[in-house]
Novice: 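Pasting a structure here, questions to come.
Positions are given from 1 along the sequence. Excluded from the calculations below are hydrogen atoms, water molecules and symmetry mates; all remaining heavy atoms, backbone and side chain alike, are included.
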Amino acid sequence: MPRNGHNPERKQFDVELRHDQLGRLGSGVLHFGGNQWACVNLSISDNAPELRTDDAKFDLVKAVTDEGTTFCLCDCKANGIALYADYVIDGDLSNTEFDSISVRYSEISEWFLHWRTVDGSVGEALTWKWIPKDISVTVKTDEGHFDLRSEYRASRSQLGEDLVLHEHVEFVFSAKTSQFSLADVKAKTHELSCLLSILLAYPATIVSVVVSQGSDRFHRVHFPTFERCERNKDDNSFWIQCFIQQPALDGRWQSIFDHYYQSKYRKVCWVRLAGMQRYDGFWEYKTLGYLSLLDSYLAIRFGRGKSSESQPPSSKKVKKFCLNLANQLPAMSAQQREKIVEIACRAFASNSSNFESRYRLAIAATDADIKKIINLSEAEFKLIRCVRNSAAHGNDHGLEQEQFPVVFRAESKIVLLLTYWAFLDFGLTTHDFTACLKSTHNRLALTAVIDRVHMARVTGAAEFFSVTREKLQLLRSIKGLRMFGCCIESENGDLAFSEEFTKRYSDWMHDPTKTSGTPDPEEIFGVGKKQARFVGQGYFECDDERLAVQHIWIIKQTSNVKQKRP
């Protein structure tokens, strides 16, 4: 096994099976690992009668290899030709109760340790700096009481002329009142992976699990779990693809875990929100899955009780009723038919809370800036709801070619909404969420096609300058303004394009003799830093019309700074 403890290959051993009460059970070939169920292919001529009984079950069977190594097979079922086990534990154990559970996840160490640096000279001295603070929390629920902490692991190995340094982070659950069971091993590690997956908007996959009995007895546990997502190992930018960054959570982990483990959505909604990140199948069923998840979340949030407002019958049903009325009672006047339709709508109105009404309640209660940033329109919601209904009934979706991008975009917006509500449920804030959207390159934020202009306004990532419509049209006609342009700001705050200062800025950028690449207004324009400011991103706007500008300078007009007249 590699020093980092990660060995996903399927293993095979010739073993003899033993049971503490029943004695020797027979022999066979043990297979486990590779994210598949553990199985012993039994030797037909060499197995005990207990294994031939239909649906025979065993809590713990010991498999001993020819070399004397012992594996514990736990929660076993036999069918006469094979013995299947839910868990395999490296070691000879008399029971399956544990003091601690240590789990390592794929990619999480890379995210957790990204901000630390290594200073010094190779061969002399190296110093690790900015090592993140360890997580150390206590969780108490109706189901149990335990501590959870993160632990930094590091090792080194020599490979020829290369010295290889390995480091990763493990998460350790420590029992407080009662020991962990095997069911706890799977549940605790999965619950934590769901939380991390939602925070990062990337699936955290279990790499290895180790349990302990006492302070010095550690055993590796094998059980099937999700496959690790494929990624380019040469890509060093994984950290920026994560939705939230580790420093944003420093000092807040206790609050996050308190909220998470007390959440009424944890066991139903958040486990599915994390699990859907791995979905790889028909796109219609992915849409069905996310819309059903949204429906489940809304039902838990608002209940399935009565609505305060009556919901009229659907327009489709009303239209059908009108046609039947006209066909079967043609002599009736139009006014009489309208009156009957009105009475029928009141009579058959429902005050039961349904998916659509609960969704509107949730949207109405959502932060106005978040709604505008995610920008899920009414038409998009209706379209994706229709696709969901078609998929649920096995019908053709009936989409036109140009509607497919709309559905995919709406789906990502719904996932983004669910992630936002999850963040709030974890005790994080709207500001935390918008800060993540501002800086992440996560696929979820990209595919949702969010309103980046409003996000820039909310997060302060851009400056906005109000101008008249005539001024906006004039600015649009200036070619040199949109990037690396310069404006003069009058005493009353009006902005005007400066061709002279724009040329100075261009000359400075293309000057090979300049001493520094850092823009200095005194060096570029001959004015002090208080008179000129740099705007990385900005918008000139009038109502809903805007002109985007980047990397521009705004120079205040003084007696020394005059805008030359053409």
Novice: What closest approach, in Å, do Lys413 and Leu376 show between heavy atoms, and which atom pair accounts for it?
Specialist: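 So the two residues come closest at CD-CA, 3.8 Å.
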
Novice: Would you say the side chains of Asp99 and Gln213 form a donor-acceptor pair under 3.5 Å?
Specialist: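 Their side chains do not contain a donor-acceptor pair, so the 3.5 Å distance test is not met.
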
Novice: When you check the side-chain N and O atoms of Thr429 and Asp432, is any donor under 3.5 Å from an acceptor?
Specialist: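 There is such a pair (donor and acceptor under 3.5 Å, judged by atom type) between the side chains of Thr429 and Asp432.
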
Novice: If you round to the nearest 0.5 Å, how far is CD of Glu463 from CZ of Phe534?
Specialist: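 Atom-to-atom, Phe534:CZ and Glu463:CD are 11.0 Å apart.
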
Novice: Does any donor atom in the side chain of Ser109 or Arg153 lie under 3.5 Å from an acceptor atom in the other side chain?
Specialist: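 The criterion, which ignores hydrogens and geometry beyond distance, is not satisfied for Arg153 and Ser109.
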
Novice: Quick one: closest heavy-atom pair of Thr434 and Ile373, and the distance?
Specialist: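 Of all heavy-atom pairs spanning Thr434 and Ile373, the closest is CG2-CD1, 4.0 Å.
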
Novice: SG/Cys542 to CG/Leu547 distance, rounded to the nearest 0.5 angstrom?
Specialist: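 Interatomic distance, Cys542 SG to Leu547 CG, rounded to 0.5 Å: 12.5 Å.
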
Novice: Will you find, in the side chains of Arg149 and Ser174, an N or O donor that is under 3.5 Å from an N or O acceptor?
Specialist: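 Side chains of Arg149 and Ser174: pair found under 3.5 Å.
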
Novice: If the condition is salt bridge (Lys or Arg N to Asp or Glu O under 4.0 Å), which residues does Asp250 pass it with, not counting sequence neighbours?
Specialist: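 Asp250 satisfies salt bridge (Lys or Arg N to Asp or Glu O under 4.0 Å) with no other residue.
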
Novice: If you count heavy atoms of other groups shown closer than 6.0 angstrom to NZ of Lys264, is the number above 12?
Specialist: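 Atom NZ in Lys264 is crowded, with more than 12 foreign heavy atoms closer than 6.0 Å.
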
Novice: Using the salt bridge (Lys or Arg N to Asp or Glu O under 4.0 Å) criterion, which residues pair with Lys382? Sequence neighbours excluded.
Specialist: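 Once residues adjacent in sequence are excluded, Lys382 has no partner under the salt bridge (Lys or Arg N to Asp or Glu O under 4.0 Å) criterion.
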
Novice: Are side-chain heavy atoms of His166 and Ser157 found at a separation under 4.5 Å?
Specialist: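 No, side chains not in contact.
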
Novice: Identify the two heavy atoms, one from Tyr539 and one from Ala462, that lie closest to each other, and give their separation to 0.1 Å.
Specialist: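 Taking every non-hydrogen atom into account, CE1-CB, 3.9 Å.
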
Novice: Can you find a side-chain donor-acceptor pair between Asp184 and Ser181 that sits under 3.5 Å?
Specialist: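 Result is yes, a qualifying pair exists.
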
Novice: Once ring-ring contact (aromatic ring centres under 6.0 Å, His included) is applied, do any residues pair with Tyr265, and if so which ones, sequence neighbours excluded?
Specialist: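 Partners of Tyr265 under the ring-ring contact (aromatic ring centres under 6.0 Å, His included) test: Trp270, Tyr297.
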
Novice: Please name all residues satisfying salt bridge (Lys or Arg N to Asp or Glu O under 4.0 Å) with Glu284, sequence neighbours left out, ordered by chain then number.
Specialist: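 Residues passing salt bridge (Lys or Arg N to Asp or Glu O under 4.0 Å) with Glu284: none at all.
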
Novice: Whether the side chain of Trp239 engages the backbone of Leu113 through a donor-acceptor N/O pair (distance < 3.5 Å, no angle test) should be reported.
Specialist: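 Not confirmed, Trp239 side chain does not pair with Leu113 backbone.
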
Novice: Return the set of residues passing ring-ring contact (aromatic ring centres under 6.0 Å, His included) with Tyr359 (not counting sequence neighbours), or none when no residue passes.
Specialist: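 Residues passing ring-ring contact (aromatic ring centres under 6.0 Å, His included) with Tyr359: Phe381.
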
Novice: Taking atom types as modelled, find out whether Asp425 and Ser263 have a side-chain donor-acceptor pair closer than 3.5 angstrom.
Specialist: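 Result is yes, a qualifying pair exists.
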
Novice: Decide yes or no for Ser150 and Trp253: does some side-chain heavy atom of the first lie under 4.5 Å from some side-chain heavy atom of the second?
Specialist: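 No - every pair of side-chain heavy atoms lies 4.5 Å or more apart.
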
Novice: Checking the side chain of Gln277 only, and the main-chain atoms of Ala204 only, is there a donor and an acceptor separated by less than 3.5 Å?
Specialist: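 Absent.
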
Novice: May I ask you to check whether Phe223 and Tyr87 place their ring centres under 6.0 Å from each other?
Specialist: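 Yes; Phe223 has its ring centre under 6.0 Å from that of Tyr87.
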
Novice: Is the count of non-hydrogen atoms from other residues, nucleotides or ligands lying under 6.0 Å from His145 atom NE2 greater than 12?
Specialist: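 Above 12, so yes.
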
Novice: Give the C-alpha distance, both sets of side-chain angles, the deciding distance and a yes or no for side chain to side chain contact (heavy atoms under 4.5 Å, CB included) between Tyr420 and Leu437.
Specialist: CA-CA 10 Å; Tyr420 169 65; Leu437 278 177; over 6 Å; no

Novice: Who passes side chain to side chain donor-acceptor pair (under 3.5 Å) against Ser390, sequence neighbours left out?
Specialist: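 Listed in chain order: nothing, the list is empty.
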
Novice: Measuring only between side-chain heavy atoms, which start at C-beta, is His397 closer than 4.5 Å to Trp283?
Specialist: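 Yes; the side chains approach each other to less than 4.5 Å.
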
Novice: Applying side chain to side chain donor-acceptor pair (under 3.5 Å), name anything that partners Glu380, two or more places apart in sequence or on another chain.
Specialist: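 Only Ser377, Arg409 meet the side chain to side chain donor-acceptor pair (under 3.5 Å) criterion with Glu380.
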
Novice: Under a 3.5 Å distance rule, please check whether Arg278 uses its side chain to pair with a backbone N or O of Glu227 as donor and acceptor.
Specialist: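 At least one qualifying donor-acceptor pair exists.
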
Novice: Just say parallel, tilted or perpendicular for the rings of Phe171 and Tyr105, cut-offs at 30° and 60°.
Specialist: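 Aromatic pair Phe171/Tyr105 classed tilted.
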
Novice: Which residue pairs pass the side chain to side chain donor-acceptor pair (under 3.5 Å) test when at least one of the two sits in residues 542-551, sequence neighbours left out?
Specialist: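 Those involving residues 542-551 are Arg469-Asp543, Arg469-Glu545, Arg476-Glu545, Glu541-Arg546.
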
Novice: For the residue pair Phe146 and Thr141, establish whether any side-chain heavy-atom pair is separated by less than 4.5 Å.
Specialist: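 They are not in side-chain contact.
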
Novice: What residue pairs, at least two apart or across chains, pass side chain to side chain donor-acceptor pair (under 3.5 Å) with a residue in residues 444-453?
Specialist: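 Found Ser412-Thr447.
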
Novice: For Phe71, enumerate each residue passing the ring-ring contact (aromatic ring centres under 6.0 Å, His included) test, keeping only those at least two apart in sequence or located in another chain.
Specialist: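 Partners of Phe71 under the ring-ring contact (aromatic ring centres under 6.0 Å, His included) test: Phe13, Phe32.
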
Novice: For the side chain of Tyr279 and the backbone of Tyr285, is there at least one donor-acceptor N/O pair under 3.5 Å apart?
Specialist: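 Between the backbone of Tyr285 and the side chain of Tyr279 there is no qualifying donor-acceptor contact (under 3.5 Å).
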
Novice: Could I get the full list of ring-ring contact (aromatic ring centres under 6.0 Å, His included) partners for Trp37, not counting sequence neighbours?
Specialist: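 Trp37 satisfies ring-ring contact (aromatic ring centres under 6.0 Å, His included) with no other residue.
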
Novice: Checking side chain to side chain contact (heavy atoms under 4.5 Å, CB included) for the pair Gln246/His114: CA distance, chi angles, key distance, verdict?
Specialist: CA-CA 8 Å; Gln246 183 275 335; His114 168 74; over 6 Å; no

Novice: For atom CG of Asp119, is the number of surrounding heavy atoms from other residues, nucleotides or ligands below 6.0 Å larger than 12?
Specialist: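 Counting neighbours around CG of Asp119, more than 12 heavy atoms of other residues, nucleotides or ligands fall under 6.0 Å, so yes.
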
Novice: With the side chain counted from C-beta on, respond yes when Ile554 and Val535 share a heavy-atom pair under 4.5 Å apart, and no when they do not.
Specialist: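 The answer is yes, as the side chains (C-beta and beyond) meet within the 4.5 Å cut-off.
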
Novice: Can Arg228 and Glu107 be counted as an ion pair, charged N to O under 4.0 angstrom?
Specialist: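 Salt bridge present between Arg228 and Glu107.
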
Novice: Could you walk me through whether Tyr260 and Val139 pass the side chain to side chain contact (heavy atoms under 4.5 Å, CB included) check?
Specialist: CA-CA 10 Å; Tyr260 179 62; Val139 177; over 6 Å; no

Novice: Is it true that Asp86 and Lys186 have a side-chain N and a carboxylate O under 4.0 angstrom from each other?
Specialist: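 No, Asp86 and Lys186 are not salt-bridged.
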
Novice: Going by salt bridge (Lys or Arg N to Asp or Glu O under 4.0 Å), name the residues that satisfy it together with Glu378, two or more places apart in sequence or in a different chain.
Specialist: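 Glu378 satisfies salt bridge (Lys or Arg N to Asp or Glu O under 4.0 Å) with Arg360 once adjacent residues are dropped.
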
Novice: Any side-chain heavy atom of Leu200 sitting closer than 4.5 Å to one from Ile108?
Specialist: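 With C-beta onward as the side chain, the pair touches.
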
Novice: Any donor-acceptor pair under 3.5 Å linking the side-chain atoms of Ser100 with those of Ser212?
Specialist: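 Checked: Ser212/Ser100 side chains pair up, N/O donor to acceptor below 3.5 Å.
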
Novice: Mind listing the closest non-hydrogen atom pair of Ile240 and Gln245 along with its distance?
Specialist: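 Shortest heavy-atom contact: CA-NE2, 4.1 Å.
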
Novice: Would you indicate whether the side-chain heavy atoms of Phe433 and Leu428 approach each other to under 4.5 Å?
Specialist: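 Leu428 vs Phe433: side chains apart.
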
Novice: Taking everything shown except Lys372 itself, do over 12 heavy atoms lie less than 6.0 Å from its NZ?
Specialist: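 No, because the 6.0 Å sphere around NZ of Lys372 holds 12 heavy atoms or fewer from other groups.
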
Novice: Any side-chain heavy-atom pair from Phe173 and Val185 closer than 4.5 angstrom?
Specialist: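 Phe173 does not reach Val185 side chain to side chain.
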
